[in-house]
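Here's the structure, in structure tokens; my notes come after.
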2 protein chains.
Amino acid sequence: MGAEGNADGTVGKALDVLDMVASHGRPVRFSDLLAQSAYPKATLYRLLQTLTHQGMLILDPDTGTYALGVRLVRLAHAAWSQSSLAPIARPYLDELARETGETIHLAQLDLGQVLYVDKRNAARPVEMFAQAGKVGPAYCTGVGKAMLAFLPPEALEAALARQSFYRFTPHTLASREALLEELEAIRKRGHAWDREEHEAGIICCAVPILSRQGRVMGALSVTSTTARTTLDALGAQAPTIKDIAAKIAAEAESWRFPEQV
Amino acid sequence: MGAEGNADGTVGKALDVLDMVASHGRPVRFSDLLAQSAYPKATLYRLLQTLTHQGMLILDPDTGTYALGVRLVRLAHAAWSQSSLAPIARPYLDELARETGETIHLAQLDLGQVLYVDKRNAARPVEMFAQAGKVGPAYCTGVGKAMLAFLPPEALEAALARQSFYRFTPHTLASREALLEELEAIRKRGHAWDREEHEAGIICCAVPILSRQGRVMGALSVTSTTARTTLDALGAQAPTIKDIAAKIAAEAESWRFPEQV
DNA sequence: GACTTAGTTTCAAATAGTGAAACCGAACGG
DNA sequence: CCGTTCGGTTTCACTATTTGAAACTAAGTC
């Protein structure tokens, strides 16, 4: 209910504060956070102190501003190379980028949002860290819809509840009903389109990455522009993309369960 | 005292658990963590539950293994682009890489260890995420020593207490005394050498990145091999490196305090 | 020198965390 | 097929931690 307050226990609150600091692009002062948060002064103060002491935040003594700490960078390195598909998918993304010559996205679902974990850009060099970690909407992107389409009912429900259905372009599916219909079509078709739904002129073809048990692990997409190609031409790539998604899924699974004991 | 137990409060413990999961390269089962941790079964269980509920961990229902969650990747993106010097330093690193044609490292200090936040590799393309977030020892790397040398006494003491002084090569400064002497020399000279102290055949020249008040913000190094060059030749670059470090420091400061109000 | 503003500390009350032990279900072994 | 073990989950009385209003301090204003 509360705008943000899904906090369970002290840990939840602390992580909440962490998010709050992260949401500003810059180091923030205590009072800024206080204004933004629902926590009383003393509570917030102690949380910040704890997080700082733990190295998750850094307090700049000169300005009295808090910023995210480097311990996070370290943790994230581990997270990225362990929980995400990125390290496994890397060579496959390279391959797909080479074959198609288009921009490739690898994404996972995080709290109903699309989290990009890797990217190959047709034009410019990789620039990983600057791209990975970015989030986007699920209901109007190819990767987002591809993942939503294969979610189990309860998870889908939870994800839908988090969609804003903001109309980015005239083509955006801006309602729950329209989206559900589309998801049905995606399930049948096996891949999702982005028909300029998020950004004008940008189209893409996306497929989900599914485990053997059908669990959604992520999604993979090939993106282009209406200036350069058409949906149909992009659709011709679908089998290739599916094939690569399957390879990634297979490798991810064998990696996660190496010893059957 | 306790091997690892620097936990203050519940939050500390939770983060401890997070580290524990991170330290394994793979998803871990409850019992593995239990064996490793000092926490009693029920406590550990609840911590894991909370973290999972918070999206910091992911529990694979099929295997019952925990892995770091994607929420961390998102946080880290923010951390990297906000707290670290990397985004500011990026163009300067490019410049330095172009000028020297050698491998460039940008590092910061984290709990007495060197945390690499960016890198330019002479040979291969960037590969950021795979490199950033890596940690190394401080007492036997160029960047590490450059930073240690300019730390205020208490911080230095804290950092020293965390050094292992393991002798990686015959040249490693494997004692507190030897290191302190070296740090004195670095302070006078203004830059640090790595004379094959961490890895045979690898040498580097590193300079600290200092704020106007003299606070250590990070370090910058140019690395090469004995096969390709000599310390003296590398030393000829020192003024250039210092110059670039100064630029990074200046920009970092103006960025952190944009509005003087 | 009185008066905000921003951050830090106190302390009794209340909440949330603790962990030994009991429990559960699946896998194992005879 | 039944008794046992093993990995994970839940209970519950006990306690330590967290809570937050309020008091306090240190800088700036005016």
Side-chain angles (χ1 to χ4, degrees), chain A residues 1-2 4-21 24 26-54 56-67 69 213 256-261, chain B residues 1-21 24 26-54 56-67 213 256-261:
Chain A
M1 282 252 121
E4 37 167 305
N6 63 325
D8 57 348
T10 322
V11 176
K13 290 179 198 171
L15 295 177
D16 218 38
V17 171
L18 216 54
D19 270 344
M20 229 154 64
V21 176
H24 292 76
R26 310 176 155 280
V28 262
R29 271 170 320 161
F30 176 77
S31 49
D32 298 329
L33 292 170
L34 182 60
Q36 177 184 166
S37 89
Y39 305 119
K41 219 178 180 185
T43 302
L44 180 66
Y45 180 71
R46 255 174 296 102
L47 287 174
L48 285 168
Q49 215 171 233
T50 305
L51 287 169
T52 304
H53 184 65
Q54 289 294 324
M56 300 295 279
L57 291 177
I58 291 171
L59 171 60
D60 184 325
D62 304 325
T63 55
T65 57
Y66 294 89
Q213 301 89 51
R256 285 174 88 98
F257 323 133
E259 62 278 291
Q260 201 67 289
V261 179
Chain B
M1 283 189 210
E4 38 167 305
N6 63 325
D8 57 347
T10 323
V11 176
K13 290 179 198 172
L15 295 177
D16 218 36
V17 171
L18 217 54
D19 271 343
M20 229 153 64
V21 176
H24 292 76
R26 311 175 154 282
V28 263
R29 272 170 320 158
F30 175 76
S31 50
D32 297 331
L33 292 170
L34 182 60
Q36 178 183 165
S37 89
Y39 304 119
K41 220 178 178 185
T43 302
L44 179 65
Y45 180 71
R46 252 174 300 102
L47 287 173
L48 284 169
Q49 216 172 230
T50 305
L51 287 169
T52 305
H53 185 65
Q54 289 294 325
M56 300 296 277
L57 291 178
I58 291 172
L59 171 60
D60 184 324
D62 303 326
T63 54
T65 56
Y66 294 89
Q213 299 91 49
R256 285 173 87 98
F257 324 130
E259 62 279 291
Q260 201 67 288
V261 180

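Computed from a predicted structure; not experimentally measured. Convention: sequence-line order gives letters A, B, ...; per-chain numbering from 1.
- With C:dG7, D:dG20, D:dT10 as the choices, the nucleotide that has an atom nearest any side-chain atom of A:R29 turns out to be C:dG7.
- Contact annotation: A:R46 side-chain N/O to D:dT19 OP1/OP2 distance is under 4.0 Å.
- Remark: C1' of C:dA6 and CG of A:D32 are 11 Å apart, rounded to the nearest angstrom.
- Judged by atom type and distance alone, A:K41 does not reach the base of D:dG20 through any side-chain donor-acceptor pair under 3.5 Å.
- Taking 4.0 angstrom as the limit, A:S31 places none of its side-chain polar atoms (N or O) nearer than this to OP1 or OP2 of C:dT5.
- Residue B:T10 places at least one side-chain N or O closer than 4.0 Å to OP1 or OP2 of D:dT18.
- Considering only side-chain atoms of A:Y66, the nucleotide from D:dT10, D:dA21, C:dT8 that sits closest is C:dT8.
- Between C:dT9, C:dG7, D:dG8, one nucleotide has an atom nearer to the side chain of A:F30 than all others, and that is C:dG7.
- No side-chain heavy atom of A:T65 sits less than 4.5 Å from a side-chain heavy atom of A:H24.
- B:L51 has its side chain out of reach of B:Y66: every pair of non-hydrogen atoms, C-beta onward, lies at least 4.5 Å apart.
- What separates CG of B:L48 from P of D:dG7 is a distance of 16 Å, to the nearest Å.
- Rounded to whole Å, the distance from CG on B:L34 to P on C:dG19 is 12 Å.
- In this structure, the CG atom of B:L44 is 13 Å from the P atom of C:dA20, given to the nearest Å.
- Across the protein-nucleic acid pair, B:L47 atom CG and C:dG17 atom P stand 9 Å apart, rounded to whole Å.
- You'll find the side chain of B:L34 stays beyond 4.5 Å of the side chain of B:Y45, heavy atoms only.
- Contact between the side-chain N/O atoms of B:Y45 and the OP1/OP2 oxygens of D:dT9 is found at a separation under 4.0 Å.
- Between A:Q49 atom CD and C:dG7 atom P the separation is 13 Å, expressed in whole Å.
- Within the 4.5 Å cutoff, the side chain of A:T43 has heavy atoms near those of the A:R46 side chain.
- Here B:H53 contributes atom NE2 and B:T50 contributes atom OG1; the two are 8.5 Å apart, rounded to the nearest 0.5 Å.
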